[in-house]
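Below is one structure, written out as structure tokens; comments come after it.
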Amino acid sequence: MTLPTRHEIEDFLIYEADLIDTWKLNEWAQLFDDKGEYQLPPTDCPNGEPEVELFLIYDDKFRLEQRAIRQLKKADHSEFPRSRVTHIVSNVQVREGEDDYFIVICNVVVHRSRLQKHDIFPARCEYRMLRDGDTFTIRRKRVILGLETLRNQGKLSIII
Amino acid sequence: MNGGLGFETIRDDQEEGRFRVHRGAFTRDDVLDLERKQIFDRCWLYLGHVSEVSKKGDFITRKVGGRPLIFLRDRNGKLQVHFNACPHRGALVCREPSGRRRKSFMCPYHGWVFSDEGNLIETPGPDAYPETFNRDGSLNLQPVPKFDEFRGFVFVNYDAGAESLENYLDGACEILDLVASQGADGMEIQKGMQEYSVSANWKLLQENSADAYHAGITHSTYFDYIGARDKLIDNFDNTLSFGGVRNLGHGHAVSESLGVMPWGRPYARWIPSFGEDAKAEMAVIADEILKREGKTKGEMIVKGDRNTLIFPNLVINDIMAVTVRTFYPLRPDYMEVNAWSLAPINESPTSRERRNRNFVEFLGPAGFATPDDVEMLLQCQMGYSNADFSPWNDISRGMTRDVVMKSDEKQMRTFWRQWDKMLKETHVGDA
Ligand code: FES
Ligand SMILES: [Fe+2]
């Protein structure tokens, strides 16, 4: 498999970040393929595996689609009124994967502003991705927070 | 009598069927000062679970009731709980959240060394202290006044004269026993701790954690989600007008129902999204429990959903998985929250995977429900800024009903009556 260039991947990651920041969350969910997963390990066990350790997010495709649907509802109280969300994407690496996917690693800093509170979520994102024509699909996105705990932020009600 | 606070904290009118709590109870510094002294320094507070220090030399550090502690299993297999503060000049002796195979702890400041039993065993540099140094043990790591265990749950008490843990737990012993009986080989706290916070008064989380009344409204998006998934929700009464609430004594209460909630339970209520393959294994799990514990208790374990409040700040919710949750106020409008998953030891990998997936569909700071709870608590706290003109919370639901339902507010009244009593109690030695 020939790996995509970093430039191609950066375009894709910027597109993904833009979908999240502009609350086009259903479109974001469709970036994942049918076996797509969205995962977030616990802050005290960043290198854990979700079958074993209790993750904070352990979404299969159905659940991540539902997460998007939920967040767009008025009755998602934690995001009504909605946060202003700003992703900064950086430090992109493209690596060989296994089977049919390749690996993308990047850092993000996500700013969230709501109810006069400004939260910052730094994270390392590890993707398993596939080429799909002239674009890509996500098989798995794992978000490893660069946070010791969620004490400062209190909760995680946006997509990273 | 109001503990010297100068305002009426609760109004408990049984004849009228009205129960009110003054919103000053959530906002005032003097209330929190009194709570620390009268409640947190007198009640049994949850520290941790024996499984967190299962082997000799295992230790964890944790703040309980605002105080940093070291909880460990010593070289003889005995549990120890020390204050994590150096008797020399006060530094935290242990800075790691957890570790293993530890026989001693060296203070990082001047290098005093303490054994796992807390004894001072080394002070660097010769001849500085007289022979009599530490003969009275005052330079050892200080033990907490009391700690004890019930069915694997370990509690501390900062009042040396406190009643026994089992007396204190009262009717909640039954609930702890029910969750402790899920696994044939006992239960363990899973790795993956949820450490978050809520900018609201701590008592709001105790109220919320067993409040079935809010479920259908606050969590409508969660029920939409499981409705879309399992198509089992059409006959579900989302006002939760079923089940019941029991006062368990000492301010503890449980809101419970048997077999009617629409979510799955890894131990052991199958739902379509667990998959056909899971059906057989879950039947075996249920069967083992029913055989081991008998029909009545066994059905409570496999079919029951219970939200339990253990006074003052422990929640055991046995719902789509088992969560153990505790919290402590740093300010009247801010609390730190710690939550864990309690799971059967030696659970099969497939069952553990189902549990992990099921737990976070609802619970935790990134689940489909907990963030909305956090939001509601924030909203309440903001509303309390109007306490001067809009002073009372109403907690009367179901007060005049003969048969109390799960969605009534009896569990909150149980909490508040104990809270008010303890806040106003005078103790021997009080000025
Ligand atoms: S403060 Fe611990 S050795 Fe001095
Ligand atoms: Fe809730």
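Chain A is the first sequence line, chain B the second, and so forth, proteins listed ahead of strands; every chain is numbered from 1.
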Next on the checklist: For a 4.5 angstrom cut-off between non-hydrogen side-chain atoms, does B:Asp224 reach A:Lys73?
Outcome noted: yes
Item to check | Greater than 12 external heavy atoms within 6.0 Å of A:His7's NE2 | outcome: no
Checklist entry - Where do B:Asn356 and A:Pro50 come nearest, in terms of heavy atoms and distance? => result ND2-O, 2.9 Å
Item to check | Straight-line distance of B:Ser197 OG to A:Gln153 CD, nearest 0.5 Å | outcome: 8.0 Å
Checklist outcome for this item: In B:Thr221, B:Thr370, B:Asp372, the residue satisfying side chain to side chain donor-acceptor pair (under 3.5 Å) with A:Ser78 is B:Asp372
Next on the checklist: Looking only at heavy atoms and a cut-off of under 4.5 Å, which of A:Ile69, A:Asn152, A:Thr149 has the most pairs with chain B?
Outcome noted: A:Thr149
Item to check | Residue pair B:Gln379 / A:Leu115, side-chain heavy-atom distance below 4.5 Å | outcome: yes
Checklist entry - When you check the side-chain N and O atoms of A:Glu65 and B:Tyr225, is any donor under 3.5 Å from an acceptor? => result no
Checklist entry - Quick one: does B:Pro365's side chain get under 4.5 Å of A:Leu56's, heavy atoms only? => result yes
Item to check | Portion of B:Glu336 that has a non-hydrogen atom of chain A nearer than 4.5 angstrom | outcome: both
Item to check | Per-residue contact mode, A:Phe62 against chain B (heavy atom under 4.5 angstrom) | outcome: side chain
Checklist entry - How far apart are the closest heavy atoms of A:Cys45 and B:Lys191, and which atoms are they? => result SG-CD, 4.0 Å
Checklist entry - Run the side-chain contact (heavy atoms from CB on, under 4.5 Å) check on B:Arg357 and A:Asp60 step by step: do they pass? => result CA-CA 9 Å; B:Arg357 209 179 272 285; A:Asp60 56 10; 3.8 Å; yes
Item to check | Point-to-point distance, once rounded to the nearest 0.5 Å, from CD of B:Glu195 to CG of A:Leu150 | outcome: 9.0 Å
Item to check | Top contributor to chain B contacts, counting heavy-atom pairs under 4.5 Å, from A:Gly48, A:Pro41, A:Ser157, A:Pro42 | outcome: A:Pro42
Item to check | B:Tyr213, OH atom: more than 12 neighbouring heavy atoms under 6.0 Å | outcome: no
Checklist outcome for this item: So OH of A:Tyr58 and CD of B:Glu353: to nearest 0.5 Å the spacing works out to 3.5 Å
Next on the checklist: Applying side-chain contact (heavy atoms from CB on, under 4.5 Å) to B:Tyr222 and A:Gln66, what does each step give before you reach the verdict?
Outcome noted: CA-CA 9 Å; B:Tyr222 167 74; A:Gln66 291 288 318; over 6 Å; no
Item to check | Engaged part of B:Phe359 at the chain A interface, taking heavy atoms whose separation is under 4.5 Å | outcome: side chain
Checklist entry - Where does B:Ile217 contact chain A at under 4.5 Å (heavy atoms): side chain, backbone, both or neither? => result backbone
Item to check | Steps toward side-chain contact (heavy atoms from CB on, under 4.5 Å) verdict (B:Arg355, A:Leu54) | outcome: CA-CA 9 Å; B:Arg355 171 181 305 279; A:Leu54 184 72; over 6 Å; no
Checklist outcome for this item: Note: A:Asp44 and B:Gly192 closest approach over all heavy atoms is OD1-CA, 3.4 Å
Item to check | Which portion of B:Arg229 sits near chain A, non-hydrogen atoms under 4.5 angstrom | outcome: both
Next on the checklist: So which atom in A:Arg63 and which in B:Glu361 form the shortest heavy-atom distance, rounded to 0.1 Å?
Outcome noted: NH2-CB, 3.3 Å
Item to check | Contacting moiety of B:Val198, where chain A heavy atoms sit under 4.5 Å | outcome: neither
Checklist outcome for this item: Scored by heavy-atom pairs under 4.5 Å with chain B, the best of A:Glu148, A:His77, A:Glu51, A:Glu53 is A:His77
Item to check | Contact class of B:Thr218 relative to chain A, heavy atoms under 4.5 angstrom | outcome: both
Item to check | B:Phe368 six-ring centre to A:Arg70 NZ/CZ under 6.0 Å and within 45° of normal | outcome: yes
Item to check | Where B:Asn338 and A:Arg151 come nearest, the two heavy atoms and their spacing | outcome: OD1-NH2, 2.8 Å
